[in-house]
Each structure stands twice: as C-alpha cells, then as structure tokens.
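Throughout, residue positions are numbered sequentially from 1 according to the sequence presented. First listed ligand is number 1; within each ligand, the first listed atom is number 1.
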Amino acid sequence: MNQHHRPDPVPFIDIGAQRRRLGPAIDEAVSRVLTHCQFVNGPEVTELEARLAAFCGAKHVVTCASGTDALLMVLMAKGVGPGDAVLCPSFTFCATGESVALTGATPLFVDVDAGTFNIDLASLRRGIATAKRLGLKPKGIIAVDLFGQGADHDAIGAVAQAEGLFVLDDAAQSFGATYRGRRLGGFGVVTATSFFPAKPLGCYGDGGAIFTDDADLADTLRSIRVHGQGSDKYDNVRLGLTGRLDTMQAAILIEKLKIFDDEIAARNAVAERYARDLGDVVTVPRVAPGNTSVWAQYTIRLPHGDRDGFAAALKADGVPTAIYYPKSMHQQTAYRHFPVADGGLPVSEALSGDVISLPMHPYLDEATQARVTTAVRKALSA
Ligand SMILES: *Cc1c(COP(=O)(O)O)cnc(C)c1O
C-alpha cells in the first residue's frame with residue numbers, strides 16, 4: 001500500500017457475498033443433482049415449485065427457462081397474436097414489450113407515475129382508447145412491478161375488468177414484495193418472474209416462473225413449456241417452446257429461497273439508510289402505501305441535469321452506478337414504430353433523462369454504504 005492507495009470499488013451487486021454465506025449448502029445441492037443425473041425435470045424442479053407456491057400463496061407455479069419465457073408463455077396461452085394490443089409501460093426492461101411483439105401482437109406503450117415508476121392509470125385508460133382508435137383489439141395489460149415494488153394492482157384490475165382485458169403481472173424485479181399484505185404472485189393475477197442472477201431472487205444462470213390460481217391455465221403453460229405437448233411427448237397439440245428450468249438451477253434456488261426473507265429485510269435496512277442519508281439532496285424512491293419493496297434497484301432522481309458528470313464523480317470515488325433505463329421502450333430502435341398512448345409519455349422520457357441507480361444488495365454494510373452516500377453528497381455539492 002502506498003499513499004496513492006484507493007480502497008477497492010464498492011460492488012454494485014455482491015453475488016459473491018451471498019455465495020460465501022451459502023457455500024456448502026449450494027455445493028451439496030448441486031452435487032445431489034450431479035449424482036442423480038436428472039438434469040431436466042429432476043425432483044428439485046417439483047420441490048421448488050411447491051416451495052415457491054407456499055412462499056407467495058399461489059395455487060400453481062410453473063417454473064421456466066427465463067423471465068422472458070414466463071411472459072411469452074402466458075401471452076401464448078392467452079392466444080395473443082396479430083391485431084391484438086397489449087398495454088405495457090414504456091419505462092421498463094425491454095423484455096416486457098418484446099414478449100408481446102414476439103407473438104405478433106402490438107405492444108402499446110403507456111406512461112408511468114413519477115413517484116413509483118409504475119403504470120400511470122390515466123395514461124393506461126388513454127392507451128386503451130388509442131388502441132381502439134387504431135383498429136387494434138385491446139386484449140391485455142402487462143403491469144410491471146418496477147425496481148422492487150408492486151404496481152397499483154387493484155386500480156389496474158378494475159380497468160381491466162371494465163374493458164374485458166387480462167392482466168399479466170411482470171414481477172421480474174419484485175418477487176418477494178407484498179401488495180396490500182399479500183405477496184406478488186399470490187393474489188390471483190397471473191404473475192411472471194425472473195431468476196436472472198441480479199434479480200432479488202436469482203439463480204446461477206437463467207430461470208423464471210409463472211404463478212396462477214387458474215388450474216387450466218397452469219396445464220396449458222406446462223404444455224407450452226414442452227413444445228405444446230398433449231397426452232405425451234410426441235403428441236403436439238399447440239405451439240410451444242423448450243421452456244424448462246434446469247434441475248441444477250432449481251436445486252440452487254431451493255437453497256437461496258431459504259434465506260430470501262432475511263435478505264429482503266437486509267435490503268430494506270439498506271434502503272432506509274439511503275433515504276435517511278440522501279433524502280434531503282436527491283429525490284429518493286417512494287414506496288406506495290400498502291406496498292413493501294424488495295429493492296431490486298435503488299433509483300434516485302438528480303436535482304440537476306449533469307448525470308454523466310455525477311456518475312463520473314462517483315466512479316472516481318470507487319462507487320459504481322447504473323442507469324435503468326437510459327431510453328424508454330418507445331425510444332428504442334426496435335420498438336419506436338409501435339404506438340404510444342394518446343398524450344405521449346412525458347414522465348417516461350423525463351425519467352430516462354434523470355434517474356440513476358446506486359449500489360443495492362443485502363450485504364451492503366453500513367461502512368461501505370457510508371462511502372456511497374458521502375460520494376453522492378460530495379458530487380452534488382461540487
Ligand atoms: C429481467 C426482466 C425481465 C426478463 O427476465 P429474463 O429472465 O432476463 O428473461 C422481464 N421484465 C423485467 C421488468 C425485467 O426486469
């Protein structure tokens with residue numbers, strides 16, 4: 001060490017710390033799979049589905065290969081296709097709208113609320129009218145639970161019911177969070193999630209799951225998961241995918257689910273410290289009444305325009321940041337030909353210009369977090 005020594009950069013997400021905590025349990029779970037060799041549809045897959053159902057209160061859980069497949073499989077099961085419109089927020093990860101476009105249907109982008117980053121009800125209503133005006137058949141709504149907290153599901157459900165639309169909840173970032181006292185996935189609406197490593201409950205590769213109380217839908221999803229199989233593997237009754245979750249990932253997730261509640265509590269402690277230490281200098285995220293968050297991201301809004309300068313100043317102090325999302329979906333090359341709700345999407349566009357996310361994970365200790373908050377305050381006062 002010399003006088004120019006700088007401390008190591010703060011990790012943005014520390015998957016290694018969790019790996020060290022779980023060490024032997026994961027090794028043993030993986031080695032059980034290596035011993036029985038049922039790499040596809042092994043007993044761990046069924047066990048994980050039962051444990052996930054118990055965790056969130058869903059009647060049926062269908063695990064699958066990714067969060068994107070989870071969304072796509074539900075849209076396929078619902079028969080969504082060309083001529084249909086599915087309403088989704090524009091300020092989200094691209095997989096939300098991509099799954100709709102992959103079916104041949106039209107994603108119709110709506111705006112979000114500046115406080116919660118989730119669907120704005122007035123824009124949703126305008127979007128349904130826009131779809132009809134364009135000659136599209138509004139078929140469903142994908143309600144995204146962005147950054148860790150649920151959307152306004154009762155209000156979205158009421159709009160959907162009045163219009164005869166289905167609701168698919170994209171909880172890729174928010175599995176484990178509660179809405180009005182119930183876990184996402186466990187209150188009746190069809191819910192999709194992702195187990196990508198950086199999500200609150202992540203595996204060691206790709207994975208996903210679908211939660212539903214509808215037994216017929218669950219059967220259809222299980223068929224779609226294996227090439228639309230009917231009574232047996234070589235009876236194909238519909239189009240499907242190779243959509244299964246690996247046994248190895250299921251074995252890993254069983255161990256990670258055991259500490260998930262504890263990790264959610266740790267994430268909330270980190271979020272509380274950020275709000276306490278930064279609430280007077282930046283716009284800190286707001287958890288809506290009736291919600292709890294699992295803090296997939298801790299996303300702030302800056303009081304002034306120079307986001308790149310702010311990120312560079314933090315980086316120089318060893319603090320990484322990320323921007324979710326620098327462009328909303330309707331501003332992306334692959335999606336800008338799709339329609340947006342009448343009135344435009346001014347909030348999504350403003351957020352894409354001024355949000356920035358800080359390090360957030362359950363193993364962010366107080367001393368390390370103080371380096372982050374000190375760097376943020378210093379960068380803002382410069
Ligand atoms: C991560 C994510 C997905 C896709 O999940 P994958 O497992 O990466 O396919 C879908 N929607 C949202 C909002 C996400 O954050």
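Between Y325 and F93, the two ring planes are tilted [angle within 30° to 60°]. Using a 30° and 60° split on the angle between ring planes, H153 and Y179 fall in the perpendicular class, above 60°. Ring geometry for F260 versus F55: interplanar angle of 30 to 60°, hence tilted.
The shortest N or O to N or O distance between S194 and ligand 1 is under 3.5 Å.
A salt bridge does not link K78 with D84: every distance from a Lys NZ or Arg NE/NH1/NH2 to an Asp or Glu carboxylate oxygen is 4.0 Å or more. Salt-bridge annotation for D27 and R19: present, with a side-chain N of the basic residue lying under 4.0 Å from a carboxylate O of the acidic one.
Proximity of D206 to ligand 1, defined as any heavy-atom pair under 4.0 Å, is not found for any part of the residue. The parts of S66 lying near ligand 1 are both backbone and side chain, judged by heavy-atom distances below 4.0 Å.
Evaluated by nearest non-hydrogen atom to atom 9 (O) of ligand 1, the leading choice among T68, T193, L72, I142 is T68.
Of all atoms in ligand 1, numbered sequentially from 1 with element shown, those under 4.0 Å from a heavy atom of A95 are 3 (C), 4 (C), 10 (C). Atoms of ligand 1 lying under 4.0 Å from at least one heavy atom of T92, given by number and element, are 13 (C). Annotation for ligand 1: atoms under 4.0 Å from non-hydrogen atoms of G67 are 5 (O), 6 (P), 7 (O), 9 (O). Heavy-atom contacts of A172 reach the following atoms of ligand 1: 2 (C), 3 (C), 10 (C), 11 (N), 12 (C), 14 (C), 15 (O) (cutoff under 4.0 Å).
Scanning for side chain to side chain donor-acceptor pair (under 3.5 Å) contacts around S231 gives D235, with sequence neighbours left out.
Among protein heavy atoms, the minimum distance from atom 1 (C) of ligand 1 is reached at K199 NZ, 1.6 Å. Closest to atom 13 (C) of ligand 1 among all protein heavy atoms lies D170 OD2, 3.4 Å.
With F175 as the aromatic partner, K256 does not meet the cation-pi criteria of under 6.0 angstrom to the ring centre and within 45 degrees of the ring axis.
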